[in-house]
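Worksheet: one structure, shown below.
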Amino acid sequence: MNHRILQLNARLSNQIAAGEVVERPASVVKELLENSLDANSKRISINIEAGGTKLIRITDDGNGVHPDDLTLALSRHATSKIIDVGDLEAVKTLGFRGEALASMASVARLTLTSNVTAEAENGWCITVSGSDMKATVSPAPHPRGTTVEVKDLFFNTPARRKFLRTTKTEMQKIEDVIRKVSLSHTDVMITLQHNGKSVRQYIAAKSEADTLQRVASVFGKSFLENSIYLEEDQGSSENGMRLKGWIGLPTYSRSQADQQYFYVNGRVIRDKLVTHAVKQGYQDVLYHGRHPVFALFFELEPRTVDVNVHPTKNEVRFRESRQVHDFLFRAIHRALAEVRPESTDVVQPGSEATPVQSNMSFRTGSGGWSRGMNTGIREQSALYGKLLQTPEGSDITSDPALPMVDGDVPPLGYAVAQLHGIYILAQNSRGMVIVDMHAAHERITYERMKRASDGEGVKMQPLLVPLSISVSEQECAAAEYHQSELLKLGLDLQQASDESIMVRAIPAMLNSTGAEPLIRDVLADLIEYGSTARVTQHRDEILSTMACHGSVRANRRLTIPEMNALLRDMEETERSGQCNHGRPTWAEQSIAELDSLFLRGR
Ligand code: ADP
Ligand code: MG
């Protein structure tokens, strides 16, 4: 290795760049799709052979490349998307690095054919060859738009070729790339063929229903019934932050974080800060270790987000990371808090709008929820045991305590009976409702305790003997920097030396042995995300345990008015669709579903 310095040839330097950008066929598809979208294409067709190792061909109907620019299109550091550093700091296109085509052309046999006019005979085609990647341009008929053909991927880089997996795996990765794009560009038609057979067809969405159809084709139909659509707008703020999309109900969670799509200005990204904010939004309603499902589209002023972090452009950096974190967290948290039994128009038995899926299909707390305040609910006394006025009469038995179910019926209806000391059986305008009485009461008690605790503020408890904790220099600095905020959380921390802090007071709810790990976690959060919810989380865990013990146990007899009061409280309580552990608290079966059980009306 003791020879003199030499300039690398064009192909080799492009191959080095390709190391980061072109990992496998799916990365080629991603870069080519991004180019087609940046060219405003409305129809994109993708042809793959042998999992992309033999051929990847993408044809679009976009703006095309001017014949004089063809050579530049395949050279590194050449792009039509940015001109100066000002543009780089406010990128609005998916591409901007000007290296994808050059990288691909260095590790495969690449041909680009394009036409900027409407007459097919004006098309031109370009290929490159040799170590200097010399270009050859020749006329080639092509309708307006561009076709890029990438053949024999990694034919000249055997080490890379060895890392390729089975055709099936590579196809899955390609489909994954297309799926992500299909969600953010619903107005573009995308088709995929593998070995001459049609695999996927995303029709351009023309209406809201078409868009929903696309969401359903990515997540499955049940996702729409089990999710909330949210829209949060701070567009007028300096950052211009806007968030919209679908978040799965807590009861629709998964064991893997495999159905999470997050877009920043139309670009799908993976980001620790975002994951953390979303997780925190779900805190309190999700079973430990479960992962929410979501497709969220986040828009903000391009100047406040740096997309030039990694060659694959899958990562971003937010200038105002703390504001972004808070905004995302609040939007999701609020949307989930509004999940509670919903009043719908009175549906006449037998005229169910939704078809019955199976004889035993129950609509549970996880289904049919919608975001938004309940308007038809009356103020209710929160105290159980206090008698509740219910309408007189009954339509099913002669029991005078049973109410009529016609007219203004609350979402969860009126209690009819208690089953096995565990469930409340109720009837509403749609049919029958079953409530897990302990789980529901636990959530109500918990939410009430949290509200009470919020109202009081955090009580501080001074330590008789201040606790000394050794920390890193960075943690020490964070403790000092966030001092006033920490005080609001009930933590009085003082810097003792460069690498230790004195704890003078802790939240009254905490005992001093639990303080040290909590403080470490709090400081780690503050360093990483600029904010922390640890103290509230910790308080909530304590309250949740208290709520569990303070709630109606199984086998306690409740009177009909007590049961009705519980139902009314559920309708008013935030997050009452799930118990504190994320299980549903109620289920519903419609009259139509009951009828079908008995083959009635068929
Ligand atoms: P980048 O997308 O970062 O600019 P690329 O190497 O992917 O870099 O593409 C280089 C240039 O070639 C682009 O800036 C664009 O002008 C042009 N180009 C590539 N693909 C297409 C396409 N499908 N339609 C129109 N122009 C394209
Ligand atoms: Mg590109």
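Read the numbers this way: they start at 1 and go in the same order the structure lists the ligands and their atoms. Basis for what follows: all heavy atoms, side chains included, without hydrogens, waters or symmetry-related copies.
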Check: every ligand 1 N/O to protein N/O pair under 3.5 Å:
residue	atom	partner	partner atom	Å
ligand 1	2 (O)	Asn35	OD1	2.9
ligand 1	2 (O)	Lys81	NZ	2.6
ligand 1	3 (O)	Phe96	N	3.0
ligand 1	3 (O)	Arg97	N	3.1
ligand 1	3 (O)	Gly98	N	2.8
ligand 1	4 (O)	Thr79	OG1	2.6
ligand 1	6 (O)	Ala100	N	3.2
ligand 1	6 (O)	Leu101	N	3.0
ligand 1	7 (O)	Asn35	OD1	3.0
ligand 1	7 (O)	Asn35	ND2	2.8
ligand 1	14 (O)	Thr79	OG1	3.3
ligand 1	14 (O)	Ser80	N	3.0
ligand 1	14 (O)	Ser80	OG	3.2
ligand 1	16 (O)	Ser80	OG	2.5
ligand 1	20 (N)	Asn35	ND2	3.4
ligand 1	23 (N)	Asp60	OD2	2.9
ligand 1	24 (N)	Thr146	OG1	3.4

Problem - N/O/S from Asn35 sitting under 2.8 Å away from the Mg ion (ligand 2) - result: yes
Problem - Residue that, paired with Glu34, satisfies salt bridge (charged side-chain N to carboxylate O under 4.0 Å, His left out) out of Lys313, Arg97, Lys180 - result: Lys313
Problem - Flag for Tyr261-Ser184: side-chain donor and acceptor within less than 3.5 Å - result: no
Handout entry: Ionic contact status for Glu232 with Arg330, cut-off 4.0 Å
Key = no
Handout entry: Between Asn14 and Ser106, a side-chain donor and acceptor under 3.5 Å
Key = no
Exercise for the section: Verify whether one side chain among Arg144 and Asn122 offers a donor that lies under 3.5 Å from an acceptor in the other. Expected result: no
Handout entry: Ion pair check, Arg43 and Asp61, cut-off under 4.0 Å
Key = no
